[in-house]
Amino acid sequence: MNKLIKYVLYDIVRNKIIVAYTLFLLLLSIGLFHLGGSPDKGLLSLLNLVLLTVPLISIVFGTTHFYNSYEFMELLVSQPIKRSKIFLSEYLGVSLSLSAAFGIGVGVPVLLFAPGATGLFLLLTGIFVTFIFVALAFLASVITRDKAKGIGIALLLWFYFALIYDGLVLFVLYSFGDYPLEKATLVLTALNPVDLGRVLVLLNLDVSAMMGYTGALYKSIFGSGWGIAIAFAVMVLWVLLPLLSARRVFQKRDL
Amino acid sequence: MINRTTLYTLSLLLVLLGAAACSVEPKPVPYGEANCTHCQMTVSDNRYGAELVNDKGKPFFFDAAECLASYVIEQPEVSDKAAYLLVTDFTNPNTLIEVEKAHFLQSKELASPMGMFLTAVADEATATKMQQEYGGRLLNWEEIKEAVRNNEKPQ
Amino acid sequence: MLRGVSVELDKGKVISIIGPNGAGKTTMSKCILGMVLPDSGDIKFNGESVLRKHAYRSQIGYMPQIGRYPENMKIRQVIEMVRDIRKKSAVDDELIGLYRLEEMYDKRMGALSGGTKQKVSAALAFLFDPQVLILDEPTAGLDPFAAEILKGKILKEKKKGKLILITSHIMSEVEEVADEVMCLVDGNVMFYETISELKAQTQETRLSRAVAKIMREGYKP
Amino acid sequence: MRNLSNRIVVWPACAFVLLLTSLQAFGGTLKVCTTCAYTSVKQAVRQAKAGDVVLVDGGVYLESGIEITQPIRLIGQNNPVIDGNNSGQIITVSSDNVTVQGFTLQNVATSYTRDDAAIRVRQQNNIQILNNTILKTYYGIYLQYSDGIIIKDNVVKGENVGRTESSLGNAIHVYYTDDVQIIGNDVQGHRDGIYLETVKNSTVERNTSHQNSRYGLHFMFSDGNAYTHNTFRRNGAGVAVMYTTNVRMEYNVFEDNWGAASYGLLLKEINNSVIYNNTFRRNTTGIHMESSSRLDIKNNDFERNGWAIKLMTTCIDDTFRLNNFTGNSFDISTNGNAQHNYFEHNYWDKYTGYDLDKDGVGDVPYRPVSLYSMLIERVPPSVMLMRSFMVDLLDNMERVLPSIIPQNLVDEHPLMKKIDHDNNREFKQNLRQTASAPWRER
């Protein structure tokens with residue numbers, strides 16, 4: 001399988017969009033660190049940006065790549081190789097190259113301007129989000145054969161996780177204001193990888209003091225080794241759930 | 001298949017969410033991390049904290065029994081429905097006792113955070129012993145509310 | 001959408017699958033290749049079911065109707081990749097030589113014309129000397145010269161005792177290379193005969209006419 | 001008027017004190033050192049008569065329970081150390097007209113039943129506590145039921161690392177005492193840096209109160225005091241002031257009071273007071289105001305706070321003018337729609353309006369309240385969405401078409417440029433003349 005990844009990677013890495021994406025992230029990160037003044041402020045603005053653009057690019061690129069590689073995958077299927085291998089190679093190829101773009105575009109500036117645990121959390125979050133949204137992209141792609149429809153579903157998914165979900169949460173929290181919601185918000189956070197990533201990074205920043213009692217509760221949970229382990233386990237779950245469902249569909253459907 | 005899996009996951013999460021939200025029970029007072037619901041000061045002295053848990057299980061923290069009493073007086077619509085009204089046992093910091101069962105000592109020698117000199121303990125014997133040591137008067141919760149209403153401080 | 005096909009194919013023959021558009025020609029070859037998974041029924045290769053298996057495909061060479069490859073891959077890499085997958089070094093690079101692909105080894109797939117891509121597809125199909133070849137509209141998009149080379153190759157491989165399946169619309173071409181014709185209509189085999197038998201039955205000298213006649217009048221074996 | 005009269009009373013009192021101390025200098029001198037007639041401070045103090053000076057030379061004296069019953073001056077030379085050895089209070093002042101000066105006092109153990117201090121003054125007048133260093137004590141300086149006290153240039157340093165708050169006392173604790181001057185002290189590592197309860201006509205000036213577990217300054221029921229030029233830094237929760245009227249808070253710096261339940265300044269039922277020329281820098285909440293009325297908040301700088309001001313609806317008739325708001329995550333937050341406060345001529349760095357007539361005043365009003373900050377106020381768990389794209393979107397929509405944020409919490413005349421409080425007299429004069437609503441000047 002790793003042979004296949006090598007070729008998929010080779011193809012994607014030379015993709016103009018990936019190069020543009022890397023440069024975009026690089027310029028933006030450097031710009032934000034210069035504008036922000038303090039490294040913390042730079043990280044904070046970067047966080048906002050990362051959690052908006054990385055999912056969008058990942059899901060759109062993942063979906064279009066899947067549809068563009070359709071005939072190639074057909075060709076591979078005609079070869080003596082398991083379908084799941086083809087699928088996973090494609091998946092890893094896309095997510096690894098997007099992660100690499102992210103690693104260069106954001107990781108290098110972070111290492112230069114704001115090295116430390118917070119930066120590391122931001123990078124990990126970004127990479128996880130990349131893997132998660134590529135998985136979602138592949139899920140969207142195997143659901144329908146129509147490219148336009150697939151991209152539509154992908155965009156809806158992005159819209160949901162980046163925007164609608166938070167709106168729903170706000171609505172729920174507001175409606176049930178009389179209830180003790182601190183722990184419920186923990187669960188609600190876990191239900192959206194974007195929120196989970198954001199909270200993880202925020203807790204490492206000064207801003208966490210502004211999160212008051214709820215933030216203190218979060219901190220007591222995410223501050224421990226166990227809490228972080230659980231948070232990242234949830235992230236892993238967020239990668240595996242869509243990925244494995246997509247693989248299942250892919251294995252059982254006609255090309 | 002996906003639909004069924006998603007359904008399972010969703011319902012599991014809903015149950016989790018419900019379980020996390022709906023237990024009506026006293027919560028430990030987060031000293032140093034919460035502000036008093038009544039006076040907004042930091043709840044920080046673990047011998048004096050107080051708590052109100054509403055009928056839905058949401059806790060409100062107070063830095064002192066007098067703040068809880070003031071809140072109860074000012075917000076009858078909340079406190080009438082409260083599931084728990086709790087104060088800290090002075091002799092067992094971090095331990096909460098229900099106000100109806102608490103014995104309060106008002107003594108000039110023991111300053112509580114909000115200046116009413118109110119100290120709560122769980123059992124009567126300790127209360128009497130402390131009264132002998134520090135002077136002052138013993139009160140129950142009803143009398144505390146009355147004292148707070150009239151701002152009666154020890155002389 | 002294929003429905004009721006039940007045939008046995010022997011080696012050493014070139015079988016042409018014909019039929020109107022949407023009859024299930026491509027679907028049938030895709031079924032054999034495991035791209036389309038049948039809801040019911042079975043496909044056996046050398047006596048063993050191929051469902052949920054993949055190793056048997058090392059015995060099959062496939063040339064798709066339209067080959068599309070990752071844009072940034074070079075021809076060399078595509079060939080290397082398939083070689084890696086098959087874990088076999090190439091045994092039959094005759095077509096690579098005839099099509100002069102080596103001169104273009106470092107060109108990006110995205111920069112190739114459709115015909116060149118077809119040449120790559122054809123070369124790949126024959127590269128590992130498979131027992132079975134499945135060629136989907138092989139000459140479509142190839143220039144006449146390249147098509148001739150391919151036909152020659154097909155005949156050569158037939159002589160080695162291989163089973164070659166060709167889907168095609170072009171009857172003259174079928175006549176040139178095939179021994180037997182399988183006609184699919186609406187997912188069913190309408191007839192499966194040798195070309196000479198078909199000509200004899202319809203008393204036509206040209207295959208296209210023979211087929212047209214059967215289509216018109218129905219098949220009466 | 002009130003403040004003016006305070007000064008008139010205080011200054012003659014100081015002069016009187018000076019006179020008195022110089023008179024006392026004519027008394028005898030009792031020397032304490034290892035080779036002197038007195039080797040123990042306690043001994044010397046016991047022998048001293050009114051007006052005497054007890055002069056203690058450098059060295060370490062293991063003593064506690066020193067009780068001053070005569071009007072004497074206890075003066076340390078070459079930095080003598082009196083080590084209480086954790087056996088109770090070190091110095092108790094039980095006489096009027098006493099000076100304690102130039103000592104290092106250390107090691108007073110925590111007691112849950114007695115408020116032991118390094119220096120305790122009980123029901124006395126005219127006491128001066130000057131230039132002492134107080135280390136590792138339960139309470140530092142403890143005044144009760146006294147009058148006319150000067151606490152100046154002392155350092156009080158406790159050890160609060162790893163200790164619970166109930167095992168810490170306050171650095172300077174003043175209870176039921178009037179006319180106190182607390183000047184130039186450095187207090188840290190205690191529960192409250194400076195604690196005043198029921199203290200009147202007093203001044204707290206040029207102190208630095210930092211790294212205390214609870215508050216840098218805490219006062220209740222203490223009318224008519226002035227707090228100027230102090231620095232309150234990195235305390236558990238900044239400064240809490242409550243149930244008081246007629247307070248002057250000027251030229252103080254509140255900074256780095258940063259924590260989950262922290263604020264720079266908590267105002268609870270503070271009325272008729274002024275807050276001028278202070279700097280609030282990097283506090284979780286700059287000012288949290290509740291039930292506070294008729295406050296004049298002017299010429300302050302709010303820099304890089306989480307919330308610059310949390311203004312609860314129980315506050316009425318407060319004015320906010322000529323303040324700078326820069327780099328705060330939220331400028332103003334509130335918990336309801338009813339607003340009876342007045343904002344004018346502040347500088348807000350988030351203001352995006354324009355100034356066509358070039359008078360330095362923006363032509364469109366600025367609404368400093370963000371919808372999301374109000375949501376947090378009502379439903380605290382919604383902080384989990386902090387920095388969410390959704391929330392930013394909501395805030396921007398609300399700012400364009402306000403529907404939930406209070407309509408009348410608005411600065412109709414925001415300034416275009418940051419105010420230089422010291423050098424903008426002329427500009428401010430102009431503003432005063434062109435102010436739209438005539439507003440009471442205090």
Side-chain angles (χ1 to χ4, degrees), chain A residues 37-38 40-41 44-45 47-49 51-53 55-56 159 161-190 192 194-196 198-199 201-203 205-220, chain D residues 234-238 255-264 281-286 288 303-310 326-331 333 335-336 349 370-398 404:
Chain A
S38 74
D40 260 19
K41 235 174 176 172
L44 204 58
S45 337
L47 175 72
N48 281 2
L49 192 97
L51 290 179
L52 201 65
T53 51
L56 180 63
F159 208 59
F161 284 114
L163 215 68
I164 297 175
Y165 182 83
D166 288 356
L168 289 176
V169 166
L170 213 53
F171 178 74
V172 167
L173 290 181
Y174 203 72
S175 319
F176 294 95
D178 283 347
Y179 290 84
L181 292 167
E182 275 78 14
K183 288 195 178 128
T185 56
L186 266 177
V187 180
L188 288 174
T189 308
N192 181 345
V194 177
D195 283 348
L196 185 59
R198 199 186 50 241
V199 167
V201 177
L202 278 189
L203 287 180
L205 288 167
D206 275 353
V207 200
S208 61
M210 288 173 64
M211 298 172 85
Y213 168 55
T214 315
L217 181 93
Y218 276 30
K219 231 177 176 166
S220 72
Chain D
R234 286 172 64 197
N235 296 295
E255 63 185 1
D256 291 319
N257 298 295
W258 192 260
S262 209
Y263 34 72
R281 188 182 298 130
R282 248 190 71 82
N283 304 289
T284 310
T285 301
H288 183 118
E303 300 167 9
R304 290 184 282 137
N305 302 288
W307 286 266
I309 296 173
K310 283 192 182 177
T326 51
N328 304 295
S329 297
F330 300 106
D331 287 331
S333 165
N335 58 342
D349 65 346
S370 96
L371 171 65
Y372 179 52
S373 71
M374 282 185 73
L375 286 179
I376 297 179
E377 215 56 61
R378 280 196 215 168
V379 189
S382 49
V383 291
M384 72 163 273
L385 296 174
M386 185 175 287
R387 296 253 148 198
S388 152
F389 181 53
M390 171 73 197
V391 163
D392 295 347
L393 209 68
L394 268 183
D395 268 351
N396 286 325
M397 272 160 53
E398 180 73 16
I404 294 169

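Atom set for the values below is all heavy atoms of this structure, side chains included, hydrogens, waters and symmetry mates excluded. In what follows, chains are A, B, ... by sequence order, proteins preceding strands, each numbered from 1.
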Look up atom CG in A:L49 and atom CG in A:L44, then write down how far apart they are to the nearest 0.5 Å.
12.0 Å
Point-to-point distance, once rounded to the nearest 0.5 Å, from CE of A:M211 to CE of D:M386
6.0 Å
Sort by residue number and list every residue of residues 372-382 of chain D having at least one heavy atom under 4.5 Å from chain A.
D:L375, D:R378, D:V379, D:P380, D:P381, D:S382
What closest approach, in Å, do D:A237 and D:S262 show between heavy atoms, and which atom pair accounts for it?
CA-OG, 3.4 Å
With D:N283 as reference, evaluate D:N257, D:D256, D:N235 under the side chain to side chain donor-acceptor pair (under 3.5 Å) test and give the passing residue.
D:N257
Pick from A:L170, A:V199, A:L51, A:D195: which one has the most heavy-atom pairs with chain D under 4.5 Å?
A:L170
Donor-acceptor pair, side chain of D:N305 and main chain of D:T285, under 3.5 angstrom:
no
For the pair D:S333 (side chain) and D:K310 (backbone), establish whether a donor and an acceptor sit closer than 3.5 Å, ignoring hydrogens and angles.
no
Checking side-chain contact (heavy atoms from CB on, under 4.5 Å) for the pair A:F176/A:L181: CA distance, chi angles, key distance, verdict?
CA-CA 8 Å; A:F176 294 95; A:L181 292 167; 4.2 Å; yes
Should the pair D:F330 and D:W307 be assigned to parallel (<30°), tilted (30 to 60°) or perpendicular (>60°) ring geometry?
parallel
With a 4.5 angstrom heavy-atom cut-off, is it the side chain or the backbone of A:L163 that approaches chain D, or both, or neither?
both
Is it the side chain or the backbone of A:Y218 that comes within 4.5 Å of chain D heavy atoms, both, or neither?
side chain
Would you mind checking which part of D:D392 comes under 4.5 Å of any heavy atom in chain A, side chain (CB onward), backbone (N, CA, C, O), both or neither?
side chain
